[in-house]
Amino acid sequence: MRHKKSVMLGAIAALACAHASAQPNDSGRAAFRAIYEEMVEIDSSPTTGSCTKVVRAAETRLKAAGFTAADYQVIIPPDRPDDGNIVARIKAANPTKKGVLMMGHIDVVDARREDWERDPFMLFEENGYFYGRGTADMKGQAAVWLDLMIRLKQEAGFKPPRDLVMALTCGEETSNRINGIDYILKNHKEWFDVAFALNEGAGGLLSDDGKALVMQIQAGEKIHQVFELEVTNPGGHSSRPTPDNAIYQLMAATNKVSAVSFPVQVTPVTREYFRVTGPILGGEIGNAMTAVAKNPEDQAALAVLLADPTYNASLHTTCVATQLDAGHAPNALPQRAKTTLSCRVMQGTTPEQVKDTLEQAIADPNVKVSIVRRRDGSSAPPLTDEIMGPVKSQAAKMWPGVPVAPIMIAGATDGRFLMNAGIPTYGLSGMFSKSGETNAHGLNEKLRVQSLYEGRDFLEAVVRAYVK
Ligand SMILES: [Zn+2]
């Protein structure tokens with residue numbers, strides 16, 4: 001079924017949402033869906049879209065729900081009119097502990113209409129899936145946060161003992177935008193005076209036949225650092241080749257990097273993930289997980305996991321060549337040749353340590369190794385009972401018998417900024433999918449309808465427990 005509505009109509013529907021949420025059999029689902037639809041249908045991609053439009057739509061809804069100027073702030077960095085962010089707060093009258101932050105990025109990866117089967121900036125509900133850019137990453141969760149803030153604000157008797165803060169921010173997906181979380185930390189830190197934050201980063205894994213296998217909570221992530229290998233040379237006429245060719249030297253060095261294997265580190269989070277997930281997955285991979293959980297030095301089992309790109313990424317730092325740039329004319333010896341390396345670095349490993357490893361492997365003084373994007377390392381947040389208690393008990397209610405497993409992700413989220421600012425940040429959504437099913441960042445991104453609604457119920461229960 002094709003489901004289309006203009007953004008304007010979506011906004012009008014939003015103003016009516018207070019009535020929809022009063023219907024007991026609906027639990028406000030229709031109003032929530034309208035928020036989700038509106039968010040997906042506002043293009044917030046870096047090339048053709050605007051985060052600020054999403055922010056203004058959210059602002060309209062917050063105001064309609066009773067949030068006043070003291071309760072929220074639209075934050076637009078100077079000279080960046082499309083990189084808007086919004087923060088809102090339900091304040092505790094007499095706080096007994098620091099608040100809880102619900103964070104979500106509202107920007108999405110570019111999507112071209114001609115490449116997609118359907119308009120990427122239209123919400124389609126078909127065959128049990130929502131299709132559209134951002135349906136999975138992460139306008140679903142952002143819509144959950146906004147919907148929850150609105151409902152709690154309107155709920156008589158909701159008097160939390162701690163602040164509940166929501167931040168919908170821009171710039172997670174791209175480096176050509178100002179990162180909203182980073183910007184707010186630097187310029188409006190007062191909004192982030194919280195004990196911990198809830199973010200994207202994990203959902204739940206479904207089997208091939210659609211059964212819930214494991215529910216995940218993200219605790220920590222690798223750090224993206226970019227390095228460059230560079231060879232320079234006086235060059236000359238290509239009719240007179242010399243042995244010291246910048247391209248050949250760079251190729252040799254790049255090939256040596258391809259053989260580098262950084263030391264394996266089975267972190268406590270990964271070990272726990274293997275312990276819980278191994279028996280569920282079974283087979284060669286599952287058995288190897290179980291073996292490594294028992295003995296992190298089990299080389300045979302590690303070899304099985306290192307052969308799988310996903311588990312390889314979670315077990316050690318990786319560096320991979322992603323770009324090449326060399327020479328300046330077809331008839332000239334190259335004066336410069338450059339390889340870009342994208343390194344995903346384990347927590348606790350410094351850029352200098354990675355650089356040392358690369359230099360030792362290359363062992364050629366003609367090849368200059370440099371750090372072109374330095375990022376500080378974040379650590380893994382503690383999985384305390386305060387955090388895990390509500391997650392486990394709600395998961396047990398909704399998905400009986402399905403274990404909860406912590407994961408460290410190989411990608412990166414905005415959580416790293418908060419972690420570096422001393423705010424433990426956890427990724428969880430309760431939204432299940434098969435491995436790779438959502439195709440986030442790719443074509444025809446989608447999310448199961450059931451997963452979105454279950455995630456909403458799950459996150460609401462967990463947040464209510466945290467702010468009780
Ligand atoms: Zn995301």
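Start at 1 and go down the list; that is how both ligands and their atoms are numbered. Computed from heavy atoms alone, side chains included, the values below leave out hydrogens, waters and symmetry copies. Just so it is clear, the structure is predicted and the values come from calculations on it, not from any experiment.
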Set of salt bridge (Lys or Arg N to Asp or Glu O under 4.0 Å) partners for Arg456, sequence neighbours left out: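 With sequence neighbours excluded, Arg456 shows a salt bridge (Lys or Arg N to Asp or Glu O under 4.0 Å) to Asp147, given in chain and number order.
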
Set of ring-ring contact (aromatic ring centres under 6.0 Å, His included) partners for Tyr426, sequence neighbours left out: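 In terms of ring-ring contact (aromatic ring centres under 6.0 Å, His included), with neighbours along the sequence ignored, Tyr426 is linked to no residue.
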
ring-ring contact (aromatic ring centres under 6.0 Å, His included) involving Phe121 - partner list, sequence neighbours excluded: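 Once residues adjacent in sequence are excluded, Phe121 has no partner under the ring-ring contact (aromatic ring centres under 6.0 Å, His included) criterion.
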
Within-2.8 Å protein N/O/S contacts of the Zn ion (ligand 1):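 Short answer, with waters excluded from the count: His105 NE2, Asp137 OD1, Glu200 OE1, Glu200 OE2.
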
Worked verdict on Tyr131 versus Glu126 for side chain to side chain donor-acceptor pair (under 3.5 Å): CA-CA 8 Å; Tyr131 288 86; Glu126 283 177 28; 5.6 Å; no

Pairwise distance CG(Asp107) to OG1(Thr174) - rounded to 0.5 angstrom: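 Answer rounded to 0.5 Å: 5.5 Å.
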
Modelled atom types, side-chain donor and acceptor of His105 and Asp137, under 3.5 Å: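 Yes, side-chain donor-acceptor contact under 3.5 Å.
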
